[in-house]
Amino acid sequence: MADNCLFCRIVAGEIPADVVHETGRVLAFRDITPKAPVHVLVIPKDHYENAAALAAADPGLAGEVVQVAGAVAAKEGVAESGYRLIFNAGPDSGQEVFHVHGHVLGGQPLGALTGRG
Ligand code: 5GP
Ligand code: ZN
């Protein structure tokens, strides 16, 4: 567990989360400030800063995170209507929590891929 990492603390059960799916190594829970009707965060239970660091260290686990994102989309009923899976990395992306997480967004038309400002 990384020091002072919010998502490590959620994995440890120190901070409550609305869990929608869990495997041995991956946890999916609702974003506290949803940006779409479906907004779920998918994280590996182990700490990596971003998706590239995770994939470099453990490609199997990176694959499992994406697999769980698909399972979450199906569970939330957006697999057919469509969804977006976003991994932010670094300042220009607006990444706020430095424990890799995929945002599963859906339940409405999601518009253009990038917004400015
Ligand atoms: P980022 O900007 O790092 O890609 O996304 C971080 C996300 O974590 C944001 O969408 C934010 O709403 C969410 N978040 C921040 N604090 C908490 C929390 O305590 N619980 C949950 N479930 N989500 C959080
Ligand atoms: Zn962490």
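Counting starts at 1 for both ligands and their atoms, in listed order. We number each residue from 1, following the sequence as shown. Side-chain atoms are counted along with the backbone in the values below, which use heavy atoms only and exclude waters and symmetry mates.
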Which one holds for [X] and ligand 1: side chain close, backbone close, both close, or neither close, with close meaning a heavy atom under 4.0 Å?
X   : answer
L6  : side chain
K35 : side chain
I32 : both
F29 : side chain
F7  : side chain

> Are there more than 12 heavy atoms of other residues, nucleotides or ligands under 6.0 Å from atom CG of D18?
Replying inline: yes

>> Does E80 have more than 12 heavy atoms from other residues, nucleotides or ligands lying within 6.0 Å of its CD?
In response: no

>> Can you check the angle at the Zn ion (ligand 2) formed by SG of C8 and ND1 of H47? Round it to the nearest 10°.
In response: 110°

> the Zn ion (ligand 2) as vertex, arms to SG of C5 and ND1 of H99: angle to 10°?
Replying inline: 110°

Would you check the N or O atoms of [X], main chain and side chain alike, for any that come under 3.5 Å of an N or O of ligand 1?
X   : value
Q95 : no
D31 : yes
L41 : no

> So which heavy atom on C8 is nearest to which on H99, and how close?
Replying inline: SG-ND1, 3.5 Å

>> If I compare all heavy atoms of P44 with all of L61, which pair ends up nearest, and what's the gap?
In response: CB-CD2, 3.7 Å

> Would you say the side chain of L54 lies within less than 4.5 Å of the side chain of V65, judging by non-hydrogen atoms?
Replying inline: yes

> Would you say A17 touches ligand 1, if touching means a heavy atom closer than 4.0 Å?
Replying inline: no

Under a 4.0 angstrom heavy-atom cut-off, which atoms of ligand 1 come close to [X]?
X   : answer
V97 : 3 (O), 6 (C)
T33 : 12 (O)
E96 : 1 (P), 2 (O), 3 (O)
N88 : 1 (P), 2 (O), 4 (O)

> Do the ring planes of H103 and H39 sit parallel (below 30°), tilted (30 to 60°) or perpendicular (above 60°)?
Replying inline: tilted

>> Taking side-chain contact (heavy atoms from CB on, under 4.5 Å) as the definition, give me every residue that meets it alongside V66, ordered by chain and number, with sequence neighbours left out.
In response: L85

Does the [X] side chain pair with the main chain of [Y], one donor and one acceptor, at a distance under 3.5 Å?
X   : Y   : result
K35 : T33 : yes
Q95 : E49 : yes
H47 : F98 : yes

Tell me which protein heavy atom sits closest to [atom], plus the residue, atom name and distance to 0.1 Å.
atom                    : result
atom 2 (O) of ligand 1  : G94 O, 3.2 Å
atom 6 (C) of ligand 1  : H101 NE2, 3.5 Å
atom 22 (N) of ligand 1 : R30 O, 2.9 Å

> Can we call the ring centroids of F7 and H101 under 6.0 Å apart?
Replying inline: yes

